[in-house]
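Let me begin by presenting the structure, written as C-alpha cells, before commenting on it.
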Amino acid sequence: MEAGEKKEEKRTETLKVTGMHCATCAVTVEKALQETKGVSSASVNLGAEQASVEYDPSLVSPAEIEQAVAGAGYGVVTGRATLKVGGMMCATCVKTVEAALQALPGVHTAMVNLGAERAYVTYNPSVVGVPEMRAAIEGAGYQYLGTEGEETGEIERKAREADLKDRLRRTVVGAVASAALMALMFIAPALPVAMPYVLLIVATPPFLYLSWPIFLAAWRALKNRTLNMDVMYSMGIGVAFGASVLGTFGIVLTTDFLFYETAVMLATFLTLGRYLEARAKGRTGEAIAALVRLRPKTATVLVDGERVERPIDEVKPGDVVLVLPGAQVPVDGEVRRGESYVDESMVTGEPVPVGKGPGGSVVGGTVNGDGVLEVTATRVGRDTVLAQIIRLVEEAQGTRPPVQRIADTAVTYFIPTVLAIAAASFLIWYFVLDAPLIFALSTLIAVLVVACPCALGLATPTAITVGVGRGAELGILIKSGEALEVAEGLDVVAFDKTGTLTRGTPAVTDVVGVGEDEAGVLGLAAGIEQNSQHPVAAAIVRRAKEEGLALPESTGFETVRGKGIVAAVGGRRVALGNRALLEDEGVVLAGRAAEEGERYEAEGKTVSYLAADGEVVGVVAVADTLKPTAARAVEALREMGLSAVMVTGDNPRTARAIADQVGIDRVLAEVLPDEKAAEVRALQERGGHVAFVGDGINDAPALAQADLGIAIGGGTDVAIESGDVVLVRDDLTDVPAAVQLARKTIGRVKLNLFWAFAYNAALIPVAAGVLYPSFGIVFRPEFAGLAMAASSVTVVTLSLLLKGYIPEAKREA
C-alpha cells in the first residue's frame, strides 16, 4: 500500500484567523466552520485569533475549511515553503516525499518536482513548521538541503558533488570487481572445487559496498509503507546474490546457480545509471542557477559623499549606490547622476545594451558599461525585478501540466504490475514450460531490474524545468506548467490596442506645410501648444524639441473646449485645432490641406489644422504609433495557424486603421475595460481556446478570463502582472515566441513520455523471455540494468536539448 492510502481518521487542526474584532466575529467564524460538511466540531479563541477544527479528511480538505472562513469574511494565515530535497531518483521517490509531508498535521498540499529537486508546501504555520518538514523528509530517507531563499547554494553544490563522487567511486569499484569476477569465471573449470568459495570471497565486499545504499533506501521505503524502485532493485540483486550463496554451499541450489558476476555487474550498472542520471538532471536547473548567480552580494553606498561597502541585505530603498564601469547594478532604482550603457540581456533577453541617464530606471543584476552611475534604490532584496523573475521561474518549474496525470496514474499501478509480471514469468517458465530453474531466476531478476519508472518520473519535470528556464533567458516568464499546455492548444490570440499593439503615447506622424515649410509649421504649432497639458499638445512640443526647433513666444492663449487653441504669435492670430475651430475662425479649408487632412483622418489619426491670419498654413497629424514589432508578431501567429483579434475601447475607424496596419482582420471596437472579459468569454463560447495579450493592469479581467493571459511586463513590476505568461521585454514578437516555446516544451514532454513507456513496453516482455521460444533471445540481468540506465539518460538528454532552442519568431527578429 502506498503511503497516505491508509484509512482516514478524524483530524484536529488549528487555524490562525485574521480580521476578528469582537465576540460576534468569533461566533460568525465558528458557525461557518460548524456548517461545513465534514467538520465535526469547531471552537474559536478570539484572544489568540485561533480556530480549532475537528474534521473528517475524507469529506473535507483543509483548503475547503479555509474557504469557509474566507466566505464568512475573515482570513486564514497560510504559510508557503519551498524545500530543497536531495537523493530523489524516480517517480516513486516523489510520491514518497509527498506522502511523508502530507502526513504531517497542518500541511495542506505538498508537491515535489523531481527535476528541480524541490518540494513546494502550503501549510498552517500554527500547527507545523519547517523543522517538522525536515524531519519528515529525512525520516523518509532523503536529504533536506534547506529552504528556498536561504543561502544554501554552496551546501547544495557540495552535497551534489559529494553524491556524484560517491556514485562514481562505487561504479569504478564495481567495474573492477566485475572484470575480476568475469576473469575468474573464465578460469573456473581449472579449479572446480574451490572456485565457488573464491568467487564468494571476491564478490562479497564490492557487492556490499555497491548495494548498501540501494538496500538502505529500500528499507526506508518499506518502513514508510511505500513500494519504490529501490525495493525492486533490492529484490533483483538480492535474489542474484542470495542464489549464488545458496549454490556455493549447496543449500537447495547447486553450483550451477552462481550469479556472483551478475549480481556485482548489475549493482554496478544500477549505480552507473544513477550517476549519469544525477549528473544530467543537475544540468536541467542551470538556467535558474544562472539567474541566482546574478544576485549581487554587496553594494557601494554613498554616505555623506563617502563610499561605504555594504552587504546587499543592508541596502534600503532611498540609499544612493555607486555603480562603477563593468560592475553589476546591485538594486532596482533610478539613475540620479551619470550616463552609461547597461547590458540587460540576462534579465530581458535583449542583447543590445540600453542607454541610461538621469531619470532612467535600472534593474538589479544587470551589468554597467563604461560609465559611472549614481542610482537611488527603489526596490531591494526580494522586491527587485530579478528576485521576482527567479521566484516566478521557480514556482513555474514546480508545477505539473495536465499531461503529467498520465505518468502519475501509470506510476501508481506500475510497480505492483511489474512484480506480478516478474513472478508470473518465473512461475510460467519453471512450472509450466519446464525451463531450468536458473533460466526462470534470470527472467525474474531481469524483469525486476529493467522495469524502471525513473524515466516516467523524469519525463515531465525535466522538460518543464529546462523549458521554463529557457523562457526566462529569452525574457519570457511562464508561470506554470498548465500555461505551457494551454498555449500549445490555442486557436485565437486577442490583443488590446493601446499600450499593447501601440506605444500608448501619442506622437506626431505627419507634418504638411501649405504656404509655410514643415519646420515652420511644427515650430508655430508647438509655440502655442507649449502652454497646454493635452496629450496631443505634448506630442507636438516633444517632436519640435526633438528636431531642435526654437519655440516662439505666444500670448492671449485661449482654449476652445473640444476644438483647439487660439493664441497670438508675433502679432499674428494663430489657431490650431479641428474643422469646427476653423469654422469658428471663419477659415476656409480647401485644396491640399483638406485632401491631406481627410487622408490622415481615414487612417485613424488625430488631425490638427494650423491657421494664421485667417488662412490654413499647415496640417499636423498625431497618432498613437504602432510598436515596430506588432505587424511581424501578427504575421508569425498567422503562419502558426492562429487567428488574431483586436479588442479595444477606441472608435471603430481608428481601430480599423490600426488593425489594417498590423494585419488583423477582426476588430471589436468601443469595448470598455470591464467589457473586455465578456468579449473574451464570447470567443471561448464559440469553441475557441483564447489567449489575451494586454498590459496587465487595465486588462486584468480579460487576462484572467482568457485561457492564457499574456501580460506585457516591459521589464518592470513583473510580479503584479495578471497574466499566465509575462513578457519582460516590450517586444510583441515574444508573443508568438512564447507560444512556440510552449509547443516545443510540451512536445518534448510527450516525446519523453513516449520513450519512457516505449522502453518498458518493449523491454519488459523481452526480459520475461517472450522472444526466447521463437528467436532464442534472452535478456541477461546485467544488460537489463544498463537498459534501465539508458532510458533515464535518454529522457533527460532530450529535455536538455531545449536549452539551445530559439523560437522561430525570435530567429526571424
Side-chain angles (χ1 to χ4, degrees), residues 86-90 93 141 160-188 195-220 228-245 247-248 257-282 441-442 444-452 454-455 763 767 779-794 796:
M88 298 185 296
M89 298 305 301
C90 65
C93 297
R160 185 173 286 112
E161 286 180 355
D163 181 60
L164 286 173
K165 286 180 181 178
D166 179 66
R167 293 180 195 276
L168 182 60
R169 190 184 308 114
R170 293 177 190 272
T171 301
V172 171
V173 170
V176 172
S178 297
L181 287 167
M182 291 292 289
L184 287 172
M185 291 296 291
F186 183 74
I187 64 172
M195 185 53 65
Y197 301 100
V198 173
L199 291 173
L200 172 64
I201 293 169
V202 173
T204 301
F207 176 77
L208 293 176
Y209 178 62
L210 279 165
S211 59
W212 174 248
I214 301 173
F215 284 132
L216 182 61
W219 164 249
R220 285 172 171 165
N228 65 7
M229 286 314 300
D230 290 303
V231 175
M232 291 179 61
Y233 294 155
S234 297
M235 292 172 64
I237 60 179
V239 167
F241 192 82
S244 302
V245 173
T248 299
F257 293 86
L258 297 183
F259 294 102
Y260 287 119
E261 86 288 355
T262 297
V264 173
M265 195 178 296
L266 187 51
T268 301
F269 281 140
L270 290 175
T271 306
L272 173 63
R274 291 197 163 181
Y275 166 76
L276 295 174
E277 182 182 311
R279 185 178 177 188
K281 190 173 67 177
L441 276 176
S442 294
L444 170 70
I445 297 168
V447 171
L448 289 174
V449 173
V450 78
C452 175
C454 293
L763 297 183
F779 211 179
R780 289 181 60 85
E782 55 268 36
F783 296 135
L786 189 60
M788 176 279 302
S791 68
S792 296
V793 173
T794 298
V796 176

Closest heavy-atom contact between [X] and [Y]?
{"X": "Ala267", "Y": "Ile237", "result": "N-CG2, 4.2 Å"}
{"X": "Phe779", "Y": "Ala767", "result": "CB-CA, 3.8 Å"}
{"X": "Val173", "Y": "Pro206", "result": "CG1-CB, 4.3 Å"}

Spacing of [atom1] belonging to [X] relative to [atom2] belonging to [Y], to within rounding of 0.5 Å:
{"X": "Arg167", "Y": "Thr171", "atom1": "CZ", "atom2": "OG1", "result": "9.0 Å"}
{"X": "Leu210", "Y": "Thr271", "atom1": "CG", "atom2": "OG1", "result": "5.0 Å"}
{"X": "Thr268", "Y": "Arg170", "atom1": "OG1", "atom2": "CZ", "result": "11.5 Å"}
{"X": "Asp163", "Y": "Leu168", "atom1": "CG", "atom2": "CG", "result": "11.0 Å"}
{"X": "Thr204", "Y": "Phe241", "atom1": "OG1", "atom2": "CZ", "result": "3.5 Å"}

Those residues that, when tested against Thr248, pass side-chain hydrogen bond (donor to acceptor under 3.5 Å, both in side chains) (two or more places apart) = Tyr260

ask   = Out of Val176, Leu199, Val198, which residue meets the side-chain contact (heavy atoms from CB on, under 4.5 Å) rule with Leu181?
value = Leu199

